[in-house]
Amino acid sequence: MSTTLVIVESPSKAKKIQGYLGSGYTVHASLGHIRDLPSTKAEIPEKYASEAWARLGVHVSDGFKPIYIVPAGKKKVVSELRALVKKADRVLLATDPDREGEAIAWHLVAALGLKSGFERMTFHEITKEAIQAAAQHTRPIDYALVGAQESRRIIDRLLGYGVSPLLWNSISSGLSAGRVQSAALAALAHREQARMAHVSAPYWRVTAQIGNQKLFTATVLGVSGQRLATPKDFDPATGQLKTDALVLTAEQAGQLVTFLKARPVTVLSTECVPYSTKSPAPFTTSTLQQEASKALKLSPKQSMDLAQKLYEGGHITYMRTDSPSLSDEATAAARAVAVAAFGQGAVPSNPRTYAAKAKNAQEAHEAIRPSGKVFKAPETTGLASDELALYDLIYRRTVASQMLDLTGMKTTLILKAGAVQLGAIGRTVTEPGFTRLYQDVQEGEGEESQVLPDVQQGAALPVRDAKAEEKKTPAPGRFTEASLVRALEKVGVGRPSTYASILSTLDHRGYTRVVKRQLTVTWLGLLVSAYLAQACADLVDVQFTAHMEAELDQIAEGALKREAYLTRFWSEGFARTIAQAPQRAPSVPVPRVPGAVVTVRAGEVILVMNGRTAPLPVDLVPDELTPEVAADLLVGKAPPKRPAAKRSTAPRKKSGKTSSTRATRKKSTT
DNA sequence: CAGTGAGCGAGCTTCCGCTTGACTT
């Protein structure tokens, strides 16, 4: 009897597919990649160990030939697969239908020593029909696509292992740089610098409570035809007014309140326009992380760990995806839930479809959704606590994606009291649509969602109360872990499988800290970012990945040769930049402390001011370095303690440590 | 003379992306 070995990436997928293909097929998982460039010196094969180029794992001057090894953790799965290959007379490489999957298929051919009798099998849906059809309609491996993946891998290696040593030289041993992490760090550093440079300006906001029965809030827009200043009217760098808007003094604000309380307002104009809010798309990895962060206060890592459990338990589809699209069966299931709960009118007559808008999306999987042809209601899953909460979020989001848009009317009233002009905005909902099931957690609600009375032009309304509040123009907000992921996804940096790990890399290197769910950058992070911006400007350019992707697409289409691209990119580009990079420690100014700079000496981050130096505490967030704190540090006083920001692990655990201590011990005993 | 400790030098670190368990905390 003949048997066919089918190799997929994930074990839960293997189990399901085995059921659909039945006897005659053996389905086994590769657990992702099975070969890679050597990551440490110890992994370099002996025959290359003495070669200088082997440090990179890529023979640059010999056509950028990579050295591939089977990492220690993957030896077991490779030998299992080898044994299965022996028993099979045909192998179907059913890894994911994307660039990385194509490469895994090719690595399997190489690592398992397949000579013939192998084919590539791809599918976008795990249903019995789709799988059986896919097993019949196989194709050869797409070597151009594999070449694009190898180019991506080589670029990331050359950049990462080429640039990181510059940091060891100029800043501190063990630091790292890379295409993805350095772009993420640059975004954080840029935002933190804008915050530090921000000069806030005070302004007054005057509001009145108006109405006969139900009161509504109106805001003073202007006086005698001159507009009242709002945050947009100030230059964030100086705090100075940059338009001709009116900034009230405290006294004027008080007078305005008294004036308003003393007389009714008349309606100058009313405007009523329809508005709508589109149903949200089903979850991708990135949007799941954002919503779980807002609604459930989970970090991206926590969300992914929970989603992994839900996936393994058969509750949801695959959780690492960049596609918001639903299969036909899932669309029908979502509509069925909506109709059962809210009636036939809850869904549009034509099912909604969603396509990826993220750059660089590969769409190998469908959206994250409840599994199966019929969605299990959350309360019938047997799940509890956080797992239940996350499943419930996914369930409601998926069903909501198939429901009607929210529609309503937006009303704007313009009012006047003497020379004072006021405005009020209100909304009424005519069709709640998807919001019956799924409410976005939104900021900036309040006044915008009030209901305004139905009044005519020229009508007079009593003012019940008025007040003036002193406000300050806000500094740009910090990223959260989830909002950084969203920002990276938007420019195509990182992949669903790496979003959570990018954050942990930044944390482990000491570049960032999470403080009260906000992602803050440390002084070390600012120094590294400043150094890279100066030494390797291309690396921190947000467009870098987008440009790379465009070239990789050309390689995949056969329009560009791998070696030509890598030569232009590396030998004629980054290799030169790296050779010319400065070897000095970077220093960055402290915006609010004139004459002070932060730099690094002997691997330690220090503050330098007036010829004196002081080490900076690791947990001192950059914008907490005020003139007072700086003065205290320089006379050796510790800054005021606050609850320590937790760091997940001790700095830099070294995997090579055991072998090096063993070597030292051996030497000392001889 | 044995035991201790300061000081020195050698060697290593590092990337991104695809998967789970096997480890600690």
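To find a chain, count down the sequence lines: A is the first, B the second, and so on, and within it residues start at 1. Being a predicted model, the structure only gives us computed values, none of them experimental.
For Arg568(A), the salt bridge (charged side-chain N to carboxylate O under 4.0 Å, His left out) partners are Glu551(A), not counting sequence neighbours. Partners of Thr285(A) by side chain to side chain donor-acceptor pair (under 3.5 Å), not counting sequence neighbours: none found. For Tyr499(A), there are no side chain to side chain donor-acceptor pair (under 3.5 Å) partners at least two apart in sequence or on another chain. Listed by chain and residue number, nothing satisfies the salt bridge (charged side-chain N to carboxylate O under 4.0 Å, His left out) test with Glu387(A) (two or more places apart in sequence, or in another chain). Legend: residues meeting salt bridge (charged side-chain N to carboxylate O under 4.0 Å, His left out) with Asp142(A), ordered by chain and number and at least two apart, are absent. Lys13(A) is linked by a salt bridge (charged side-chain N to carboxylate O under 4.0 Å, His left out) to Asp96(A), counting only residues two or more places apart in sequence or in another chain.
Evaluation of the side chain to side chain donor-acceptor pair (under 3.5 Å) test over residues 571-588 of chain A, restricted to residues two or more places apart or in two chains, returns Asn169(A)-Gln583(A). Pairs passing the salt bridge (Lys or Arg N to Asp or Glu O under 4.0 Å) check and including a residue from residues 37-54 of chain A, sequence neighbours excluded, do not occur. For residues 29-48 of chain A, the pairs satisfying ring-ring contact (aromatic ring centres under 6.0 Å, His included) are Tyr48(A)-Trp53(A), with sequence neighbours left out.
To the nearest angstrom, C1' of dT14(B) lies 9 Å from CG of Leu167(A). Distance Leu37(A) CG to dT13(B) P: 15 Å, rounded to the nearest Å. A straight line from OH of Tyr511(A) to C1' of dT13(B) spans 11 Å, rounded to a whole angstrom. Remark: C1' of dC16(B) and CG of Leu56(A) are 15 Å apart, rounded to the nearest angstrom. Distance, Leu539(A) CG to dC15(B) P: 12 Å, rounded to whole Å. In this structure, His508(A) atom NE2 and dT25(B) atom C1' are separated by 12 Å, rounded to whole Å. dT14(B) atom C1' lies 8 Å from atom CZ of Arg157(A), rounded to whole Å. Across the protein-nucleic acid pair, Glu43(A) atom CD and dT14(B) atom P stand 12 Å apart, rounded to whole Å.
Backbone-only engagement by Thr505(A) is indicated by non-hydrogen atom pairs under 4.0 Å involving sugar-phosphate atoms exclusively. Using a 4.0 Å heavy-atom criterion, one finds that Gln149(A) contacts no nucleic acid atom at all. Looking at heavy-atom distances under 4.0 Å, Ala177(A) makes contact with sugar-phosphate atoms alone, never a base.
In this structure, Trp168(A) counts as stacked on the base of dT13(B) under the 5.5 Å centre distance and 30° plane angle limits.
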Contact state string [nucleotides 17-23 of chain B, B base, S sugar-phosphate only, - no protein heavy atom under 4.0 Å]: BBBS---
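Taken together, the pairs of DNA chain B form no segment extending over three or more consecutive Watson-Crick or G-U pairs closer than 3.5 Å at both contacts.
Annotation: His190(A), atom NE2; neighbour count of heavy atoms from other residues, nucleotides and ligands within 6.0 Å does not exceed 12.
Residues from residues 547-554 of chain A with heavy atoms under 4.0 angstrom of DNA chain B: there are none.
Using modelled atom types, one finds a donor on one side chain and an acceptor on the other under 3.5 Å when comparing Thr95(A) with Arg120(A).
Ion pair Lys309(A)/Asp305(A) not flagged as a salt bridge, since none of the NZ, NE, NH1 or NH2 atoms sits closer than 4.0 Å to an Asp/Glu carboxylate oxygen.
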